[in-house]
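Single-structure report; data block below.
The structure displayed is predicted, hence computed values, not measured ones. In each ligand, atom 1 is the first atom listed, and ligand 1 is the first ligand listed.
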Amino acid sequence: MTDNMIAWDLGADRVLVLTIDDPSQSTNTMTEAFARDLTATVDRLEAEKDTFDGVILTSGKDTFFAGGDLNLLMDATPEDAPAIARGLDTYKAAFRRLERLGKPVVAAINGTALGGGFELALATHHRIALDAKGSLLGLPEVTFGLLPGAGGVTRTVRLLGITNAVLNVVGQGQRMKPAKALQVGIIHEVAATREEMFDKARAWIAANPEPAQPWDVKGYKIPGGTPSSPPLAANLPAFPSNVRKQLKGAPMPAPIAVLATAVEGAQVDLDTAFAVETRYCTNLICGQVSANMIKALFFDLGMINKGGSRPEGFPVRTPEKVLVLGAGMMGAGIAYVQARAGMQVVLKDVTIEAAERGKDYSRKLLDKALRKGAITQDKRDEVLGRIHPTADPADAAGCDFVVEAVFEDPGLKKKVFGEIEGLVNPDALLGSNTSTLPVTDLATGVQRQEDFIGLHFFSPVDKMPLVEIVVGEKTSDEAIARAIDYTLAIKKTPIVVNDSRGFFTSRVIGQFMDEAIALVAEGVHPTTVEQAATQAGYPVGALALVDEINMKLSQKIRRSLRENTIAEGGRWVDSNAYPLVDAMVDEYDRPGRLEGRGFYEYDADGKKLGLWQGLVEKYTREDHGIPFIDMQERMLFAESLDTARCFDEGVLRTVADANIGSIFGIGFPAWTGGVIQYINQYAGGLAGFVARADELRAAYGDRFEVPESLRAKAAAGETFG
Ligand code: NAD
């Protein structure tokens, strides 16, 4: 027996089972201690290889192995580069010795294996994954601004070829269920039970006494060819843009480094390829982008998804039967996610036909999932059976939770709540999916204002991961806790903000869109405006988004916002966007996609065809003189400065909510790790951000005025938030 965290268990059948179980943590990760123990185990395997016929590598935890130690990776700075590179090389050396042991080594992947854990599995000869609930496999490093640097890129390229490896595994960082991983080709077998997994492993060992990795077999060639082989050479130039498109706003440095590692590594021998991988990976680890992304997308997101903002002292309470008022676009989507989460849904609209149409939306999504094999017929029927469409208010009886999604009209919203408040359970939570209306005012339509809360979903509901929970003046802590429990139960991420017009997300995303429209009004070609946004890392062009949201709606919201803000003596700065929006609605009759006419043209099915040329003819000027970087930073800064004001006004409550809400709610570029990290990490830090905002203000107007709170922190050498 070794006394390390890899237990050594040699059976009478001469099969050695190695079980990884780090006693200091709930999951196995790549700690320094693990690296030492792994090397010691490999030493012993080599020394004692005459005593066994094969090795099964598995884990003593529910999961197989998580990846690198993200705390360590997040804190790395350029000075740590030599140590980081040495660490990666230690793993590479141990993995390489394992795959050249001369005895069959099988990974019995008993649960989730991601990142470094999956790289370990890739260094075995045969990978069998247990189809355990929630088990995920893959190399997600790129989603944290990193790349798999313990042989992951090099081995997947040699296993699958450059195209498959980059597009299906390392370029996007997909986390795959075992069946998908099998289909993609990164594992060899799936087992339904633990026993079956071990039986399969033993059978494979018996049948393959002297296995070698494909790349160690004489005459081996990379599947699909090397970068200089003609078909690949013809496709490679399109890779960077394809990867960026698929990643929708994810950071550029990591996918590009993945691509470089794959392409450079495929042209050299294995050892040199490993060295190339170490170099690119070390650079990413020591850079700021990965630090920001790990902080936001692993730690902050993890904290929020564990209910980190939930007020304490209330038992967890998830709804059993939810009344959804309004079966339109949002109500239908909300009904679907609730039914999928096991809740009974009463879906009410003014007519039974409208309610049935809302239910049809779920039917469509479920049938699609059934066709793709993602659910069974029974599951489909069960989920659909939970949605009860109705036009009868009496069906509200017995509901313990309400989500209202009727038209954005305060009078109507108050009226529908008034109708059902006495019919639902006496302590039912009363939630409104308003996107802009102050919740405190809507709450005056009900008796129990303490149970009234905003539940702001995003469209399309089944895809968008965020719910912005809006706390009105009278909303109780218990209502916040229940809203968080509900949001987590439907597998979405809750951020909690205080009430105001537009809350955080709707208000700040307006800045992004206004800036884009203003640029068009100032003479910039609309295509350039869209590129400014997407090349900055926004998932979609701003003008396409404006069309999606519809300018009639934004015009209405802006007019009432302007009027109210000015009446209340608040800060209001007009934008060059407004006259153009007004012209689009009132003069050109091009409000957006719904009408088939906006900044873009659409076909009858709402498919985007191309830019409306009239826009270019009327507005585009060659001599606008606005640098491309200014276009991008006008969008990024307008959103950042308004976020800072949201803090000052008490709308935002935590930095984590701001960062996560900005990425998942409004598409703020993910590579920044969220809007607050963007502000603090701008070149020159917060002081650099303030200086640049002052420049933008001088050039483009008072929208870029720096809030005093931010300027004071910059002057004191502090960070914001
Ligand atoms: P929609 O027009 O698609 O649907 C509204 C539905 O409410 C219609 O089916 C209508 O028949 C129904 N309705 C009207 N009066 C009713 C009544 N008295 N009782 C029951 N049902 C009634 O609108 P939508 O896009 O689903 O928006 C609904 C709400 O969600 C609005 O408050 C909107 O601001 C908000 N919201 C919309 C989005 C979005 O992207 N569309 C995003 C977040 C929030």
Side-chain angles (χ1 to χ4, degrees), residues 322-337 345-362 388-396 399 402-421 423-424 430-439 441-442 445 453-470 487 492 495 497 501-507 509-510 513 540 544-558 560-561 591-595 606 661 664-667:
V322 187
L323 173 64
V324 177
L325 293 167
M329 188 166 92
M330 297 304 287
I334 292 166
Y336 171 76
V337 295
V345 183
V346 176
L347 181 56
K348 184 187 170 305
D349 209 298
V350 270
T351 63
I352 183 70
E353 291 76 21
E356 290 280 5
R357 267 199 306 278
K359 180 171 176 174
D360 282 346
Y361 179 75
S362 287
H388 173 64
T390 185
D392 182 358
D395 288 341
C399 287
V402 180
V403 183
E404 167 278 311
V406 302
F407 303 130
E408 187 77 340
D409 171 343
L412 176 67
K413 285 183 189 290
K414 287 180 196 171
K415 181 172 152 268
V416 297
F417 272 111
E419 277 166 13
I420 56 85
E421 194 184 4
L423 299 172
V424 294
L430 306 169
S432 171
N433 175 42
T434 172
S435 41
T436 52
L437 301 169
V439 165
D441 173 59
L442 292 181
I453 198 159
L455 296 170
H456 180 207
F457 284 81
F458 297 78
S459 172
V461 178
D462 60 303
K463 296 224 174 70
M464 296 294 281
L466 197 78
V467 175
E468 184 177 27
I469 294 174
V470 187
T487 306
K492 305 233 176 258
I495 63 163
V497 304
R501 211 167 274 277
F503 331 124
F504 165 52
T505 57
S506 300
R507 163 176 170 175
I509 203 172
M513 294 187 293
V540 289
L545 187 67
V546 172
D547 274 2
E548 200 63 42
I549 290 180
N550 205 284
M551 281 177 265
K552 262 190 204 158
L553 181 69
S554 47
Q555 185 190 48
K556 188 172 146 210
I557 293 170
R558 181 242 309 164
S560 90
L561 198 59
R593 180 164 163 237
L594 187 68
E595 290 79 359
F664 292 114
I666 60 179

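Once rounded to the nearest 0.5 Å, the distance linking OG1 of Thr505 with CD1 of Ile495 reads 6.5 Å. Rounded to the nearest 0.5 Å, atoms CG (Asp349) and NZ (Lys359) are 15.0 Å apart. We find the NZ-OG1 distance between Lys556 and Thr436 to be 8.0 Å, quoted to the nearest 0.5 Å. Interatomic distance, CZ of Phe407 versus NZ of Lys413, reported as 10.0 Å (0.5 Å rounding).
Within ligand 1, counting atoms from 1 as listed, the ones closer than 4.0 Å to a heavy atom of Val350 are 11 (O), 16 (C), 17 (C), 18 (N), 20 (C), 21 (N). Applying the 4.0 Å criterion to heavy atoms of Gly326 picks out, from ligand 1, the atoms 7 (O), 12 (C), 20 (C), 21 (N). Of all atoms in ligand 1, numbered sequentially from 1 with element shown, those under 4.0 Å from a heavy atom of Lys413 are 31 (C), 32 (O). For ligand 1, the atoms lying closer than 4.0 Å to a non-hydrogen atom of Glu408 are 31 (C), 32 (O), 33 (C), 34 (O).
His456 is listed as a side-chain neighbour of Asn433, based on a closest heavy-atom distance under 4.5 Å. Looking at Glu408 and Thr434, their side chains come closer than 4.5 Å, going by heavy atoms from C-beta outward. Lys414 places a side-chain heavy atom less than 4.5 Å from the side chain of Asp441. In this structure the side chain of Lys348 never reaches within 4.5 angstrom of the side chain of Asp395, judged on heavy atoms.
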Begin from the C-alpha positions of Glu353 and Arg357 and carry the test salt bridge (charged side-chain N to carboxylate O under 4.0 Å, His left out) through to its verdict. CA-CA 6 Å; Glu353 291 76 21; Arg357 267 199 306 278; over 6 Å; no
Could you give me the CA-CA distance, side-chain angles and deciding distance for Lys552 and Glu595, then say whether salt bridge (charged side-chain N to carboxylate O under 4.0 Å, His left out) is met? CA-CA 10 Å; Lys552 262 190 204 158; Glu595 290 79 359; 3.6 Å; yes
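Protein heavy atom closest to atom 35 (C) of ligand 1, with residue, atom name and distance, is Asn433 O, 3.0 Å. Nearest protein heavy-atom contact of atom 43 (C) of ligand 1 is Phe457 O, 3.0 Å. For atom 41 (N) of ligand 1, the nearest non-hydrogen atom of the protein is Met329 CE, 3.2 Å. At the shortest separation from atom 40 (O) of ligand 1 among protein heavy atoms lies Ser459 CB, 3.3 Å. The shortest contact between atom 26 (O) of ligand 1 and any protein heavy atom is with Met330 N, 2.8 Å. Protein heavy atom nearest atom 14 (C) of ligand 1, with residue, atom name and distance: Phe407 CE1, 3.6 Å. The protein heavy atom nearest to atom 18 (N) of ligand 1 is Val416 CG1, 3.2 Å. For atom 4 (O) of ligand 1, the nearest non-hydrogen atom of the protein is Gly328 CA, 3.2 Å.
Contact record, Met464 with Phe664: CE-O, 3.8 Å, taken as the closest heavy-atom pair. Smallest separation of non-hydrogen atoms from Asp547 and Met551: OD1-CE, 3.7 Å.
Within the set Leu412, Ile334, Val324, Thr436, the minimum heavy-atom distance to atom 15 (N) of ligand 1 is found for Leu412. When the options Leu347, Asp349, Thr351 are ranked by their closest heavy atom to atom 20 (C) of ligand 1, first place goes to Asp349.
Geometrically, ligand 1 and Val406 share a nitrogen or oxygen pair separated by less than 3.5 Å. Here's the thing with Thr434: none of its N/O atoms is less than 3.5 angstrom from an N/O atom of ligand 1. An N or O contact shorter than 3.5 Å links Ser435 to ligand 1 by distance. The shortest N or O to N or O distance between Glu404 and ligand 1 is not under 3.5 Å.
Contacts between His456 and ligand 1 below 4.0 angstrom, taking non-hydrogen atoms only, involve the side chain exclusively.
A side chain to side chain contact (heavy atoms under 4.5 Å, CB included) with Ile469 holds for exactly one of Thr487, Val439, Val497; it is Thr487.
Less than 4.0 angstrom separates atom 23 (O) of ligand 1 from none of the non-hydrogen atoms of the protein.
Residue-ligand proximity: Glu419 is placed with every non-hydrogen atom at 4.0 Å or more from ligand 1. For Ala354, the closest heavy-atom approach to ligand 1 does not fall below 4.0 Å.
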